[in-house]
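From a predicted model like this one, the values you see are computed outputs, not experimental measurements. The figures here come from the full heavy-atom set of this structure, side chains too, leaving out hydrogens, waters and symmetry mates.
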Amino acid sequence: MPHPPVLEVLPSVRRWERIRIPLAAAVIAVLLVAVAILVVRAIRQSQLEDDLAAARSALAEGTTASWARFDALLAEHEGLGSDERRVVALAALGTAMRSLLLGAPDPATARAAAARVAQEREEAATAAQAWAELLGDAPRTARLTDAARAFPASGPIRHAHALALARGGMIREALAEVGAARQAEPAYLAAAATQAELYRRAGQVDAARQSLLPLGAAQHPERGPVEAACILDAAEASGSAAPDVTALLTSAIATKAPRLVGRAKLAMGRQKLLSGDASAAVALLTEAVRLDPEDAESATQLARALLASGDAPGAVAAVDALGDGAPGAALLERALALTLLHRTRDAERTLGRIAQADLPAARGAGLRALLAWQKVDVGSAESAAAQAAAAGSTDALVLRAEILLEQGKRNPAVKSLAASRSGCARGFGLWIRGDWEEAASTLEAARADEGPCVSRVVGRTGLGLRPVAQLVTELERSLSRWPDAEDRILLGRLRARAGEDGAAEIARVMDAGAESLRALTLAAEAYAEMGKTAQAVAVVQKTKTLYPDDALPLATEIRVVRAGGDDGAAMRLSEAAVAAHPDQLDVVRERSITLVEAGRIAESERVSDVRFRPGRHFIEFARARIRAVEAAEGFRKADQQMVQALRFAMTFLPYSEEVRTRSLVALLHARRGGRRELDTAEAFLRPLVRRDTRSADFNLALAAIDRGYERVVQLGAHLRRALALDPMLPEAYEWLARADALEDEQRAQFERLYPGRPLRAD
């Protein structure tokens, strides 16, 4: 059997040899492809993790540049597989956060973003929904509270919860929540900025600055507004002028992000307000409120700026825009604005909504003093004003002095003002004491630092002592900073004396809702003084409706009717009022004056038994009392009444009342006629001559003496000075007419002030 050749190769071997090299190459290629795939996947996963970390970092930074990086990452990874959708989930959260932090609120976008990731990542979806609630109109705090409980370690959720609490005025709770957010994620810089802002609002300026340390000023523009506000807080607390904080806000404004710009405008507005530029503050703060209508501090500061610019109704509206969630600081501004408008009931209700912890001692006591003063509750007003003055309020110190003067406590008023460090207060004390030249120089020296206070003191105390035009200017200036309805009524009286439409000022007060007993009685008397009897009677009826058990509206009604020339009605009203309130001195006084004016002297003799009383009608009452006794019993008893009135004025009332009383006594002596009586009149005026007194009553009394001595030149000079200080002196016009020295302009002024009254000598 033949053997096969030794070198013969099997077919299978030949096939293997043919395919082994290609097969090896294929295996190597497959392995290379697998390795390549694994490497690419690893690279992409690493890049994704890096991008995810960068996205988290961008969200934590919360700056404009970081949001730009976030947008780029979102565009790069949009549409990837399920693993990569974590970035999209984070993007949903970022979209919702950015809607509140940097742009106009956009709840629709936030909710849509939340829906996209509802199945991808529960925490991100819940956080996005929470932010959507924060932006929308739903009951957001409750939803956020539930979210914070579900994810206690989520910095974004707890940060959102903190902001919701802060917007509801719960600053302490918000601080605790934002602290938890920072503890959960220490690198969460947006929470650090919020924490600093909340510390500042809570009055903890040092803690706020400490919270700002992780934020680089250049990289995180939110630091600018917060740090500027911290500086302004410290300046406001010390009473010093605020330093220039504009540089700290430049980077924030440059971002053009509405919320950062709004916060920067808020800080700049506060700076302008602290420096005294109220109009500029109003413009800046109005913009801040427009950019973030729900921000309570912006609304509070806007209300404060509006009040400082004299717009009390605007201040009320700014706080009302916050709704029921207005914090205590905002309500305090609302209460002050309502008080200045003399809307006493609304002011008291607003004060009742403020927690005691949110009511500063000085401002709270000052508000209570104003409200009590407006209700003519003099005792309560003095007690509250003393508390506010002890806490350092110059306004309260001046108010307390006025209240003390109302009660005839001149020496305590002078003593309290003399001890003050305020030049305005000291000047007021000097004026009360009668050191008028020193008072004028002291007040002028204080005008640079205490302009509103000086204007108010000068405007309120100058009637009959300074030219009317000057007082109008001072009160206009005062009302532009301190819009008190009582001062506006006084401005109306002064405008009427100056030949302007004073009734319009009274109408403004009434249209603004004034309802205090003091404002209503003052308004009625002012209308009556201007000859607006119908308006005066309408105000009296409103007063009687609001205060049916008080006797003061009845006394005011008697005055108004008597000023309107209806003596019969005044007689009937006064008789009924005295029968209803026999022990009420205001009513008895008006009855006595009415009897004297009607010439029923015998019935008015009892007026000599009514004690003198401080108040704005003291001189009128003293004059009626002296006239009654003089007509009924002769000069001796009348002289005793004169001396008694003068002693009362010198003991209890400001020096200006002594001037008026001395002038009244001299005028009555001069009218009796005879050289001896004229000499007595001059003796009463001699102390005023030595002090170079400038007073309408004083000059009128001098003119009466000039008439008796027939000193025509001096007569005209004194009468013209009297009319320059107070145009509402009918005797001055009549005496000038009798001396043929009445000018056409003066005649026209008399006819305007006293329509239908003929010019005649007494």
Side-chain angles (χ1 to χ4, degrees), residues 303 306-317 319 333-351 366-378 381 384-385 395-396 398-399 402-403 406 452-453 455-461 463 471-472 474-496 500-530 532 535-536 538-543 545-547 550 552-553 556 560 616:
L306 288 166
L307 261 184
S309 64
D311 186 1
V316 174
V319 178
E333 300 304 323
R334 185 179 193 271
L336 177 56
L338 291 168
T339 302
L340 292 176
L341 292 169
H342 283 238
R343 290 168 54 183
T344 50
R345 288 172 170 80
D346 287 343
E348 288 176 327
R349 282 193 290 267
T350 302
L351 271 177
L367 270 174
R368 287 191 293 271
L370 280 172
L371 287 169
W373 175 247
Q374 292 173 8
K375 293 188 293 185
V376 198
D377 183 358
V378 178
D395 291 331
V398 172
L399 174 62
E402 292 186 58
I403 296 169
E406 180 92 351
C453 178
S455 291
R456 190 158 191 258
V457 166
V458 173
R460 286 172 68 90
T461 61
L463 186 58
L471 298 182
V472 168
E474 294 289 0
L475 274 179
E476 285 176 338
R477 190 179 299 161
S478 173
L479 283 164
S480 69
R481 298 285 185 175
W482 185 257
D484 192 335
E486 184 177 344
D487 293 349
R488 189 164 296 284
I489 293 171
L490 176 56
L491 176 62
R493 294 178 60 200
L494 292 170
R495 285 198 187 282
E500 302 173 22
D501 184 10
E505 298 291 348
I506 316 299
R508 283 183 62 183
V509 172
M510 302 308 298
D511 292 343
E515 60 182 4
S516 77
L517 183 57
R518 183 172 295 274
L520 292 175
T521 54
L522 287 172
E525 291 178 10
Y527 271 137
E529 183 180 284
M530 299 172 195
K532 308 286 186 180
Q535 292 93 323
V539 174
V540 167
Q541 292 305 318
K542 178 179 179 180
T543 311
T545 301
L546 291 174
Y547 304 93
D550 201 295
L552 187 57
T556 304
V560 165
R616 56 182 192 271

Does any N or O in the side chain of Arg488 come within less than 3.5 Å of the main-chain N or O of Leu479, such that one atom is a donor and the other an acceptor? no
Value for CH2 (Trp373) from OG1 (Thr344), rounded to nearest 0.5 Å, stands at 15.0 Å
Minimal non-hydrogen separation, Ala524 against Thr556, with atom names: CB-CG2, 3.9 Å
What I'd like to find out is whether the side chain of Arg493 reaches to under 4.5 Å of the side chain of Glu525, using heavy atoms alone. no
Can you tell if the side chain of Leu351 reaches within under 4.5 Å of the side chain of Leu371, non-hydrogen atoms only? yes
Atom CG in Asp511, atom CG in Leu341: separation rounded to 0.5 Å? 12.0 Å
If you look at every heavy atom in Ala303 and Glu333, which pair is closest and at what distance? CB-CB, 4.0 Å
Does Leu463 reach the side chain of Arg616, with side-chain heavy atoms less than 4.5 Å apart? no
Residues at least two apart in sequence or cross-chain that pass side-chain contact (heavy atoms from CB on, under 4.5 Å) with Ala523, listed by chain then number, are Ile489, Ile506, Met510, Val539
Under 3.5 Å, side chain of Gln374 to main-chain N/O of Thr339, donor-acceptor pair present? yes
Sequence neighbours excluded, the answer for side-chain contact (heavy atoms from CB on, under 4.5 Å) partners of Asp550 is Leu517, Tyr547, Leu552, Pro553
Please list, chain by chain and in numerical order, all residues satisfying side-chain contact (heavy atoms from CB on, under 4.5 Å) with Arg495, sequence neighbours excluded. Val472, Glu476, Leu491, Glu500, Glu505
Using atom types as modelled and distance alone, determine if a side-chain donor or acceptor of Ser480 lies under 3.5 Å from a backbone N or O of Arg477. yes
Can you name the nearest heavy-atom pair linking Ala315 to Leu307, along with the distance? CB-CG, 3.9 Å
For the OG atom of Ser455 and the CG atom of Asp487, what is their distance to the nearest 0.5 Å? 11.0 Å
Assess the residue pair Gln535 and Met530 against the criterion (side chain to side chain contact (heavy atoms under 4.5 Å, CB included)); give the C-alpha distance rounded to whole Å, side-chain angles, the decisive distance to 0.1 Å, and a yes or no. CA-CA 10 Å; Gln535 292 93 323; Met530 299 172 195; over 6 Å; no
Would you please name every residue forming a side chain to side chain donor-acceptor pair (under 3.5 Å) with Thr543, sequence neighbours left out? none
Where do Gly459 and Leu475 come nearest, in terms of heavy atoms and distance? CA-CG, 4.0 Å
Any non-hydrogen side-chain atom of Glu474 less than 4.5 Å from a side-chain atom of Leu494? no
For a 4.5 angstrom cut-off between non-hydrogen side-chain atoms, does His342 reach Val509? no
What residues, two or more places apart in sequence or in another chain, satisfy salt bridge (charged side-chain N to carboxylate O under 4.0 Å, His left out) together with Arg343? Asp346
How far apart are the closest heavy atoms of Ala514 and Ala519, and which atoms are they? CB-CB, 4.3 Å
Sorted by chain and residue number, the salt bridge (charged side-chain N to carboxylate O under 4.0 Å, His left out) partners of Lys375 (sequence neighbours excluded) come out as Glu348
Considering all heavy atoms of both residues, which atom of Arg345 and which atom of Glu515 are nearest to each other, and what is their separation? N-OE2, 2.8 Å
